[in-house]
Amino acid sequence: MERPSEASQSRGSTWKGLLIITAPLSKPAILISNKTAVESKDFSMTCKAKGQINTYQWFINGLAPADSRIQLSRDKRTLTIRRLTRRENKGPYVCEIQNPLFRNRSDPFTLNVAYGPDGATIIQTPDVYPIGIRVNFSCSAPSNPRSQFTWLYNGRFFSNTSAVFVTAALRHTGNYTCIASNSVTGLVRNQTKIITIYAPLSKPTILTSNNTAVETKDFSLTCNGTGQIHAYQWLINGLAPADSRIQLSPDKRTLTIRRLTRRENKGPYVCEIQNPLSRNRSDPFTQYVAYGPDIATIVQTPDVYPTGANITFSCSAKSNPSSQFTWLHNGQIFSNAASTYVTATLMHTGTYTCKASNSFTGLMHTQTKNITIYAQLSKPTILTSNNTAVETKDFSLTCNGTGQIHAYQWLINGLAPADSRIQLSPDKRTLTIRRLTRRENKGPYVCEIQNPLSRNRSDPFTLDVAYGPDTAMIVRTPDEYPTGANITFSCSAQSNPPSQFTWLHNGQHVSNSATFSIIASLNHAGSHTCIASNSFTGLMHTQTKNITIYAQLSKPTILTSNNTAVETKDFSLTCNGTGQIHAYQWLINGLAPADSRIQLSPDKRTLTIRRLTRRENKGPYVCEIQNPLSRNRSDPFTLDVAYGPDTPRIIPTVDQYPVGANIMLICSAKSKPPAQFTWFHNRKKLRHSAKLSITNVSLNHAGTYICHASNSYTGLNSTKHKTLTIYAKEKNTTLSAEDKNLTINAEFTIYENLMKHNKTINSTSFVIENGTAVLTCNTEDEDLPDIWWYFNNKRLILNDRMTLSEYGQTLTIMPVKREDSGAYRCEMWNPFLVHTSNSFNLVVSYGPEEIKILPKHVHGQIEVLLKKKLILECWANSQPPAQYIWQVNGSSISGNSGNTYTISQASWEHAGTYTCVAMNKVANTTISTKITVKVIEASGGSSLSGGTITVIVAGVVEKYLMKPTLTISSIGIIMDNGTVVLTCNAENEYSSIARENAGT
């Protein structure tokens, strides 16, 4: 039925149709097919509701049913679940009823699915227990509703709970079964566990097969224990037996040792008894093995003894139990002890035998030793052939002794004689020294007499060899002395006995001692001779020394040629001193004169300064007089140079004043002593003063003012004119160009390159790094009180490389560094005005350095595809910027003086070595680097023609990576607001660059 339009309604029309009235739906409920939902069974739910229901709809967990096991009736009122599962089919379930106008849902229905029990599980516990321990049994089985549990012991009921315990006794050994059941599902599950109860084992003991264990015999040990013994185990020294001589019985209860040894089979031995639950060990058993005696050994003693010596005989033999000993002397028993002793007499010489025996083992061993007795030797003495031993003569020593002497031996300094000049008699009793020396033959000498038993030595004998005197030596002293000095003469000469000394002065005897002293005077000059003699050797030696005496120099003074030193005039200084003067020396400011205007007389006594200057020739001056012995200096003399007056300066510089103004004119001029000033107005003398004050000026005060400066010392005069204009009406005054501007002159010194020394700079110039820059603020008025320096428009802060002159006019930078580049200006002050110079731009030249060729190369090599474009870029850090020259295979390329070299289309001829040379013409330095270009053929695929573009990318590279070359991956139009991908040709020099909003 169609509804009439609004237009027709407005005209009063009517329409007809079927009107259906629908009541709201009531809330549905869910009915189930069974009271209990059992896992793996089918289960149905029905949506029950009243009202005008058109359709039914089900929701499981808020979603329409989608499981293949879910089935709906034709009207979808009933939902059936095939083969229920505990997890997947819990729900919740909701049914919804609908008609064209209304819908309503049931409450959620959650399905409680009964299941189980699954397999019964007895919680893991041991299978064996000792008596008296608590044994817990616990059973579980997943089930809904919960399982009912029953425990059976050996098939008989003993509990209805899931957990039960017993206190272990032997009767509790057996089978324990857990039965789990569910009355809702009708299922039953069970599991069985076997438990064994063990009693503790008693401590075992070890029984032996024999009373005594004898080395090399067999011996058995048996483990004796009671209780439930399942196994026996033996331990020897805490370890299981591993020796092939150890044998165990089949049940391991008895251990047998084959061929016993004293060391390896001592034990201790322990036996252990075991069952599955417990074990016990015996006490340790140590084997006492009887052995020996081994070879009898007589304790080492000498074979010879002196009469009266106490001789001890001691015998030993390894044995268990200990050996029995018997001593025989020449076959006769004389002791039954292991050790015995005798006091030696000649009758004790003979053979001694030791017998060692063991009654347990039945073994016996013997050893024999021979002894000889000797009488003691007396102490020998040394006899000499002459009373005095004289150097270069022969000398003999004889060893004198009594007793049984078998041999003689000599020792010199504790060693046997080895010098070819030492000779021994055939029996070695007499020692003769050929051509004695003082050092090698002093000794001490010892002679020794010997027999097989004893030896004896004489007392040490030291040989006192007479020698010398050797060359006489005068102790080293100066050859020159001042008068009044204390001079000591000392003479020495090696001699034994000591030399006798005699001193001669100019051939006359003066002393008989080795040392004597004098107070120097001029008559002590001359030759002094030392004579050394020795009456024993009859030798004599002399030495002579010449001495010169000098008088002390007086302190010199400096005499001047004129009373007054005047600038531009010559001036002389003379060094005036008395005494023995050998040389004169002048020092100016502590240094030797180096100025070309300084001239010295031939004897250097007089110093003349040509064309005096006020600054350079002030001094101080010092003259020094010298002779070989002493020197003396004058007091410092500072030269007071009279100069000036220079051209006067009148301040202020304003030339125009209004009527009634007050004017103060100040005249200054560099002069020493200070200038005398006279003011003139229109050639009329006004006053003698540096200052001229005019108050309440009138038109009559206009005209020319002259400042006249004079210096009576120099006889010089100088004037300065100033014209004043007086206006009836006040006018503004302006500064003259002279007052507004100062200038800076600069000079610098280069120490490392080829530029000229001391070059004058105007407003801008280069100075090479590590040289010296000197900036001077030019002014004619040296008396202005303040000079300030500015760097890059900031007040200059001096660093440790910067110094200012006394009045601040000169700024010196040494050494100059690149960070000193910038604008410098100076500012000067007087009581009326501030004067500022123009900026002076100082540029520090350095480099070239850090040279680099791009694109990046690998091991000095760049590869370029055949017929492709290659751009080489060279960069070096330099100020001013470097100039570049390219070379290919060592030859320069004309027309390529820039920092780039372009190969438009690479060919095989382009392969080779490319060298970039960077030059700094200011610093006159060069640097170079080179790379190898390799042309290679494309590996495959078509190459793009015209696909190479050059792009200047800012901010992508560091300061030395200039203008990289990029390639675009395709040719065509790039849309506005699109994306273009540029890839750098420099072979991994940069990352790929994505640049949005590239344009067309």
Residues Asp427 and Arg429 bridged, charged N to O under 4.0 Å:
no
Check whether the side chains of Thr173 and Thr196 place a donor and an acceptor atom closer than 3.5 Å, and report yes or no.
no
Measure the CZ-CD1 distance between Arg189 and Ile179 for me, rounded to the nearest 0.5 Å.
13.0 Å
Around atom CZ of Arg421, are there more than 12 heavy atoms from other residues, nucleotides or ligands closer than 6.0 Å?
yes
Name the residue from Asp294, Thr216, Asn320 that meets the side chain to side chain donor-acceptor pair (under 3.5 Å) definition with Arg262.
Asp294
Before you tell me yes or no, could you show the steps for His348 and Phe334 under ring pair (Phe, Tyr, Trp, His ring centres under 6.0 Å), namely the whole-Å CA-CA distance, both residues' side-chain angles and the distance that decides it to 0.1 Å?
CA-CA 12 Å; His348 288 113; Phe334 81 100; 8.7 Å; no
Would you compute the distance between atom CD of Gln274 and atom NZ of Lys252 and round it to the nearest 0.5 angstrom?
9.0 Å
Taking the side chain as C-beta and beyond, is there a heavy-atom pair between Thr366 and Cys354 under 4.5 Å?
no
What class does the angle between the rings of Tyr352 and His329 fall in, given that below 30° is parallel, 30 to 60° is tilted and above 60° is perpendicular?
parallel
Output, in order, the C-alpha distance, side-chain angles, deciding distance and verdict of side-chain contact (heavy atoms from CB on, under 4.5 Å) for Ser458 and Val446.
CA-CA 6 Å; Ser458 67; Val446 172; 4.0 Å; yes
Ile206 CD1 to Thr254 OG1 distance, which is reported to the nearest 0.5 Å:
11.0 Å
Side chains of Thr372 and Thr349: donor-acceptor distance under 3.5 Å anywhere?
no
Roughly how far, to the nearest 0.5 Å, is CD1 of Ile257 from CG of Asn265?
5.0 Å
Please determine, by modelled atom types, if Asn310 and Thr343 share a side-chain donor-acceptor pair under 3.5 angstrom.
no
Which residue in the set Trp151, Phe158, Phe165 passes ring pair (Phe, Tyr, Trp, His ring centres under 6.0 Å) when paired with Tyr176?
Phe158
How are the rings of Tyr153 and His172 set to each other: parallel, tilted or perpendicular (split at 30° and 60°)?
tilted
Please indicate whether Lys193 has more than 12 foreign heavy atoms, meaning atoms of other residues, nucleotides or ligands, lying under 6.0 Å from its NZ.
yes
Indicate whether any N or O donor in one side chain lies under 3.5 Å from an N or O acceptor in the other, for Thr312 and Ser314.
no
Show your working on side chain to side chain donor-acceptor pair (under 3.5 Å) between Ser220 and Thr256 and close with a plain yes or no.
CA-CA 4 Å; Ser220 295; Thr256 301; 2.9 Å; yes
Would you call Gln332 and Asn330 a side-chain contact if the rule is heavy atoms closer than 4.5 Å?
no
